[in-house]
Amino acid sequence: MSSSSTALGLDLAPDKPPLLRVGSTADPAAWAAGHREALRAAVARHGRVLVRGLGLTDPATAAPVLKRLADGLMADREPFAPRRDYGDGVYSATRWPAQQQMCMHHEVSYALEFPGLMSFACLEAPAEGGATVLADAVDVLRDLPADIAERFEREGWLLTRSYNDEIGASVAEAFGTDDRQAVERYCRANAVEWSWQPDGTLRTRQHRGAVLRHPADGRRCWFNQIAFLSRWTMEPEVREYLTDVYGEDGLPFDTRFGDGAPIGEDVVRAINAVYDRHTLREPWETGDLLLVDNIRTAHGREPFEGPREVLAALGDPVRVVGDAPGGEVKPL
């Protein structure tokens, strides 16, 4: 049984994101401008809203909508996989193998600066699968095993990265340049430790909080990519190959407890099990728009078959001020 909510007439159904159905419009950007405040209020209340019926089927139509709904867009920095850049803060969805699950995560949660609002436009829905699944970070934190949640809240988490030309984003794709001095300036300004290896490759390490208080209401949110960027999320044969080639410390990405101790596969499985219990799912339809509070709501992507084209915009940029594992979220 679904119900309707507030002025927008949202359809609220169990295990699904709030859904707003709109009639066809000749000018989606004008519609977005006219409904901007109501949509943003709905995201603030529910943490996510799916809008169906706008007909966003190409970048030229979708990009103005994504821009008008945000309080500014930010460039993607430190991505773990490449994207196509459509300009002005609008990108393709992260390139990730279609047959593999993209685990729940919060966009750019390993950086000090990240989007407060994620906006997605589905230009072409896949024939099967490929939903952008969601989970409420307040609920996830509440239901995590207490020992796991308490340790990560106390210590934070570490992300280690090794950049190479075989897998993941390159140095130039992650930092917008391959100039060493520019990369080092960025790392210094953003609390990222770095080391250049004898073969010229780059390794980095950063300590971040695992739990953030939402700047709007102070609620504690499980906000990180501890499970997604763990070695235990890789396919076993891929992990074995990369370890053989690059060594234990040379994986393209891996996560640890805040004190540097390794995270066991059982911990990653426990985190993902909680995400599974709180998953909200609605299959994409071509033309859909999805708005997500990036602190309140984690997102992932299911495997799919057939072409799938989704645009993403990193909006409402914020920065964590203060040392991990604490820190306060401030708008930029």
Side-chain angles (χ1 to χ4, degrees), residues 2-74 86 88-91 93 106-108 114-123 125 131-139 214-217 219 221 280-299 310-318 329 331-332:
S2 64
S3 62
S4 117
S5 170
T6 67
L8 282 177
L10 297 176
D11 183 38
L12 303 179
D15 302 323
K16 293 179 179 291
L19 175 64
L20 173 63
R21 299 181 187 275
V22 301
S24 60
T25 174
D27 191 344
W31 182 93
H35 293 81
R36 181 181 190 276
E37 296 311 314
L39 286 170
R40 289 179 63 90
V43 174
R45 178 177 181 182
H46 298 286
R48 52 260 157 199
V49 171
L50 178 64
V51 181
R52 178 157 289 164
L54 282 181
L56 307 179
T57 57
D58 59 74
T61 303
V65 172
L66 302 181
K67 293 174 185 176
R68 291 195 181 191
L69 292 174
D71 283 341
L73 299 180
M74 63 180 285
Y86 286 91
D88 299 325
V90 178
Y91 298 87
H106 297 261
E107 200 74 14
V108 201
F114 53 83
L117 176 73
M118 287 297 299
S119 304
F120 302 92
C122 180
L123 309 187
T132 295
V133 289
L134 308 170
D136 190 285
V138 176
D139 294 339
H214 199 289
D217 56 24
R219 286 191 290 180
C221 298
L280 307 175
R281 179 186 291 101
E282 173 65 24
W284 281 118
E285 291 186 10
T286 297
D288 281 353
L289 168 70
L290 176 64
L291 303 176
V292 174
D293 180 328
N294 188 42
I295 300 176
R296 166 85 179 275
T297 304
H299 68 277
V310 174
L311 297 189
L314 286 66
D316 294 18
V318 296
V329 179
L332 291 177

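Values below: every heavy atom of this structure, side chains too, minus hydrogens, waters and symmetry copies. This one's a predicted model, so the numbers in the text were calculated from it and none came from an experiment.
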Side chain to side chain donor-acceptor pair (under 3.5 Å) against Asp217, all qualifying residues, sequence neighbours excluded: Arg219
Side chains of Leu69 and Val65: does their closest heavy-atom pair fall under 4.5 Å? yes
Please name all residues satisfying side chain to side chain donor-acceptor pair (under 3.5 Å) with Arg48, sequence neighbours left out, ordered by chain then number. Asp136, Thr297
Side chain to side chain donor-acceptor pair (under 3.5 Å) partners of His214, counting only residues at least two apart: Asp293
Excluding sequence neighbours, so at least two apart, what forms salt bridge (charged side-chain N to carboxylate O under 4.0 Å, His left out) with Glu282? Lys16, Arg52
Partner residues of Ala62 under the side-chain contact (heavy atoms from CB on, under 4.5 Å) criterion, sequence neighbours left out: Leu56, Ala121, Leu123, Leu311
Check whether any side-chain heavy atom of Pro115 sits under 4.5 Å from a side-chain heavy atom of Met74, and report yes or no. yes
Closest heavy-atom pair, Thr286 versus Ala125, reported as atoms and distance to 0.1 Å, is OG1-N, 3.0 Å
So, using side chain to side chain donor-acceptor pair (under 3.5 Å) as the criterion, who are the partners of Thr132 when residues are at least two apart? Trp284, Arg308
Among pairs that include at least one residue of residues 23-44, which meet side-chain hydrogen bond (donor to acceptor under 3.5 Å, both in side chains), considering only residues two or more places apart or in two chains? Trp31-His35, Arg36-Asp71, Arg40-Asp71, Arg40-Asp316
Heavy-atom side-chain proximity of Lys67 to Leu73 below 4.5 angstrom: yes
Those residues at least two apart in sequence (or on a different chain) that pass ring-ring contact (aromatic ring centres under 6.0 Å, His included) with Tyr91 are none
So, do His299 and Phe120 sit near enough that their side-chain heavy atoms are less than 4.5 Å apart? yes
Sorted by chain and residue number, the side-chain contact (heavy atoms from CB on, under 4.5 Å) partners of Pro283 (sequence neighbours excluded) come out as none
Residue list, side-chain contact (heavy atoms from CB on, under 4.5 Å) with Pro64, at least two apart or on another chain: Ala29
